[in-house]
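Since the structure comes first, as structure tokens, the remarks are kept for the end.
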Amino acid sequence: MGSNAVGLIKEALQHLVEEALQRAARSGDLVCAEFPPVEIEVPKNKAHGDFATAVALSMARSEKKAPRLIAEKIIAHALAILSAPSTTTPLRVERIELAGPGFINFFLHPAWLQDQVRVIRQADTAFGTSDIGGGERVQVEFVSANPTGPLNIVNARAAAVGDTLARLLAATGFAVEREFYVNDAGNQVLKLGRSLEARLRQAAGEDCPFPADGYPGAYLQDVARALWAAGVAGELLALPEEERIEALAQVATERIVAEQRALLERYGVHFDQWYHERRLRAEKAPEAVLALLQERGTTYQAEGAIWFASTRFGDDKDRVLVKSDGSYTYLLPDIAYHYSKLQRGFTKLLDLLGPDHHGYIARLQAAVTALGYPPDTLEVLIVQMVRLLRGGEQVRMSKRAGEFVTMAELLDEVGTDAARFFFLQRACESHLDFDLDLAKVQGNENPVFYVQYAHARIASILRQAKELGYNLSDDVPTASLQHPAELALLRRMADLPDEVASAALAREPHRLTYYAQDLAALFHAFYTECRVLGEEAELSQARLALTDAARIVLRNTLTLLGVTAPERM
RNA sequence: GCGCCUGUAGCUCAGCGGAUAGAGCAACGGACUUCUAAUCCGUUGGUCGCAGGUUCGAUUCCUGCCAGGCGCGCCA
């Protein structure tokens, strides 16, 4: 049995049922005009077996028979297959039950679970990984905050979601790169330059008005002070107007981006690529992609502007690419940017965008299609808003006044582990309430502490086992693991490869936090029910090996979440 | 007006078309001479927003409505 036991068993049971269906058809027990897809599921209720299928229910209509009757036939043939001496299957089916309206429930010998201890300890850091991605090159672009100010709370959420999504994809065998797109060209950056100029002059004591459309946040005053301190401010201010604004804008964005990068690193998020719009413009990428779109006959002129006929590719409105005054809309460089991703060889592009960009999805996908790539090449995930709660009250964030809780402030207050875990507790398209008080609680009502505490408890047992002279070999007999708490824990541990794969493919990293809490709860229950050290030798050995395997599964899960797995708490 | 997200226990939320809808918190009641009680066990708690439709079967898919949040540009 390989390291994805659950997947393999599902597959084996599926083959078993399919074979049974074929035999039933041959023997005339069933008509089987068409074979329905056999889906093997894991019942929520333990009494319903280890695995189950509802295939008999879905056949009721075409068979014109009661589902229970159909299930009976399938079970009879499946049992015949299993008892045939020639059968070669990894399955050790203890019994098959007919239940409810026609469910077929499979009960397996616990050996497959007991065996997981060895499998997990052998795979170690690789447990949970798979190669279903086949090395496909995937790019995840996320955060991509404007270089005009500090990162905010939603950026922090996007960073957690994007990074864990990337970790999940890497764990499932995709070749993943993380990319941050820096919008360091265009109007907003010039506004930033003018804002910085005002702050520089103000810092020097000049009575300089602040631009009405500028960026009022205090962070620019910090930048201004730093530039005076570094002795470069005077030089910059002496430049001629256009050059000066341009240079100040560049200095400001570079500083801000550097701070963003440092903060994200502190948060455990490392981007492989920081792609600058400035570079895109310098390489004339917008012009090139415009020419390409024109060449492909997907543009037209109207009202003095150049339009992209995006409605031909599923958008609900055509979009302007070049305004009547000859300047570009933001869409054109954005298309150029996505074209650059495609030219760099990525075959799957994942963009995490804010809710204010949802209107962008259709036009970007239209552009990718117009450029000749499959429509599903670009997938966009919308990361919804975050409300901060303190003392049960919403913390108001006003961007206009330049007062908003920044990502840095959040990390200072609750730390990386709690922040990442909390952000990953909700589906990214759901609005999220972040309870600052709860995130700081050092107790079981705080889920991140609950999970980490399980890991610390495990580490404590393993430490003491070592002190007591327990020697844990690589292959410990585990047939003595029979207690319901042991088997329930093992069952959930065995799920990790499936959980990782399905979370990656569904782009739903939040599933992992639920898995982590489940796992922790099952370990705590095991800890309460079963003593590890000081039992009869073989049992203690088996439980110690189980504890070690639980450590691996918990640690691997926390690693995917980007949350630390503490040895002590 | 149009579009997007959300509506499930007192609160915050899970729930690949399947069986008696789950978890955490909160509330209440229990469990420490034993590996961390930062834990565990139990109890209470539901018209799955409303109404139709598809289906053998719908919290899940479709349509309409209601409610809350967000957005709409030849801005970025």
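Below, read A as the first sequence line, B as the second, and so on, with proteins coming before strands; counting in each chain starts at 1.
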Write out a two-atom table: protein N or O, nucleotide N or O from nucleotides 4-11 of chain B, distance below 3.5 Å.
{"unit_1": "C4(B)", "atom_1": "O4'", "unit_2": "His358(A)", "atom_2": "NE2", "d": "3.3"}
{"unit_1": "C5(B)", "atom_1": "O4'", "unit_2": "Gln384(A)", "atom_2": "NE2", "d": "3.4"}
{"unit_1": "C5(B)", "atom_1": "O2'", "unit_2": "Glu429(A)", "atom_2": "O", "d": "2.6"}

All N/O contacts under 3.5 Å from nucleotides 17-27 of chain B to the protein, with atom names and distances to one decimal?
{"unit_1": "A19(B)", "atom_1": "OP2", "unit_2": "Lys44(A)", "atom_2": "NZ", "d": "3.3"}
{"unit_1": "A19(B)", "atom_1": "N6", "unit_2": "Asn105(A)", "atom_2": "OD1", "d": "3.1"}
{"unit_1": "A19(B)", "atom_1": "N1", "unit_2": "Asn105(A)", "atom_2": "OD1", "d": "3.1"}
{"unit_1": "A19(B)", "atom_1": "N1", "unit_2": "Asn105(A)", "atom_2": "ND2", "d": "3.1"}

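Between the P atom of G3(B) and the CZ atom of Arg363(A) lies a distance of 15 Å, rounded to the nearest Å. Look at CZ on Phe523(A): it is 11 Å from C1' on U36(B), rounded to the nearest Å. Per the geometry, OH belonging to Tyr450(A) stands 17 Å off P belonging to U36(B), to the nearest Å. Between Leu190(A) atom CG and C75(B) atom P the separation is 15 Å, expressed in whole Å. Distance, Ile40(A) CD1 to C16(B) C1': 14 Å, rounded to whole Å. Atom-to-atom, CZ of Arg457(A) to P of A38(B) comes out at 8 Å; the value is rounded to the nearest Å. To the nearest angstrom, P of G69(B) lies 10 Å from CZ of Arg387(A). Atoms CZ (Arg568(A)) and C1' (U36(B)) sit 11 Å apart, rounded to a whole Å.
The stretch residues 460-468 of chain A touches RNA chain B through Ser460(A), Ile461(A), Gln464(A), each having a heavy atom under 4.0 angstrom from the strand. Within residues 528-552 of chain A, the residues having any heavy atom under 4.0 Å from RNA chain B are, by residue number, Thr528(A), Cys530(A), Arg531(A), Val532(A), Leu533(A).
The aromatic rings of Phe523(A) and Phe526(A) are tilted relative to each other, their planes meeting at an angle between 30° and 60°.
Every residue two or more places apart in sequence or in another chain was checked for a ring pair (Phe, Tyr, Trp, His ring centres under 6.0 Å) with Phe106(A), and none qualifies. Taking the ring pair (Phe, Tyr, Trp, His ring centres under 6.0 Å) definition, one finds that Tyr181(A) meets it with Tyr337(A), sequence neighbours left out. Taking Phe423(A) as the reference, Phe434(A) meet the ring pair (Phe, Tyr, Trp, His ring centres under 6.0 Å) condition, with sequence neighbours excluded. Ser62(A) meets the side chain to side chain donor-acceptor pair (under 3.5 Å) test with no other residue; sequence neighbours excluded. For Phe180(A), the ring pair (Phe, Tyr, Trp, His ring centres under 6.0 Å) criterion is met by Phe271(A), Trp274(A), not counting sequence neighbours.
In this structure, the separation between CG on Leu169(A) and CG on Leu505(A) is 8.0 Å, given to the nearest 0.5 Å. We find the CE-CD distance between Met493(A) and Glu499(A) to be 14.0 Å, quoted to the nearest 0.5 Å. To the nearest 0.5 Å, atom OG of residue Ser340(A) and atom NE2 of residue His338(A) are 9.0 Å apart. Between Thr311(A) atom OG1 and Asp318(A) atom CG the span is 3.5 Å, to the nearest 0.5 Å. A distance of 10.0 Å separates CZ of Arg463(A) from CD1 of Ile461(A), quoted to the nearest 0.5 Å. Rounded to the nearest 0.5 Å, atoms OG1 (Thr564(A)) and NE2 (His455(A)) are 9.5 Å apart.
Comparing the C1' positions of C72(B) and G15(B) gives an interatomic distance of 33 Å, to the nearest angstrom. Going from the P atom of G64(B) to that of G1(B) covers 15 Å, rounded to whole Å. Nucleotides U60(B) and U54(B) have their C1' atoms positioned 13 Å apart, rounded to a whole Å. Nucleotides U43(B) and C2(B) are separated by 50 Å at their P atoms, to the nearest Å. Spacing of P atoms, C48(B) relative to C65(B), comes out at 22 Å, to the nearest Å. Spacing between C32(B) and U47(B) at atom P, rounded to whole Å, works out to 38 Å. Here, G49(B) and U59(B) have their P atoms 10 Å apart, quoted to the whole Å.
As judged by a 4.0 angstrom heavy-atom cut-off over every strand, Tyr515(A) is placed among residues making no nucleic acid contact. Among the atoms of the strands shown, base atoms are found under 4.0 Å from some heavy atom of His357(A). When heavy atoms are screened at a 4.0 angstrom cut-off, Met569(A) is found touching base atoms of the nucleic acid. Residue contacts shown for Ala427(A) are limited to sugar-phosphate atoms, with no base heavy atom under 4.0 Å away.
Heavy-atom nearest nucleotides on RNA chain B were determined for Leu432(A) and for Glu567(A), and the one closer to the 5' end corresponds to Leu432(A). In terms of position along RNA chain B, the nucleotide closest to Arg511(A) lies nearer the 5' end than the nucleotide closest to the other residue of the pair Arg511(A) and Val322(A).
Taking a pair as Watson-Crick or G-U wobble with both distances under 3.5 Å, RNA chain B forms stems of 3 or more consecutive pairs at B:1-7 with B:66-72, B:10-13 with B:22-25, B:27-31 with B:39-43, B:49-53 with B:61-65.
Counting only residues at least two apart or on different chains, the side chain to side chain donor-acceptor pair (under 3.5 Å) pairs with a member in residues 532-545 of chain A are Glu486(A)-Arg543(A).
In this structure a side-chain-to-backbone donor-acceptor pair under 3.5 Å is missing from Asp351(A) to Val380(A).
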Pairs of donor and acceptor atoms involving the side chains of residues 42-50 of chain A, under 3.5 Å and at least two apart or interchain, shall be tabulated with distances.
{"unit_1": "Asn45(A)", "atom_1": "OD1", "unit_2": "Ala47(A)", "atom_2": "N", "d": "2.9"}
{"unit_1": "Asp50(A)", "atom_1": "OD2", "unit_2": "Leu108(A)", "atom_2": "N", "d": "2.6"}

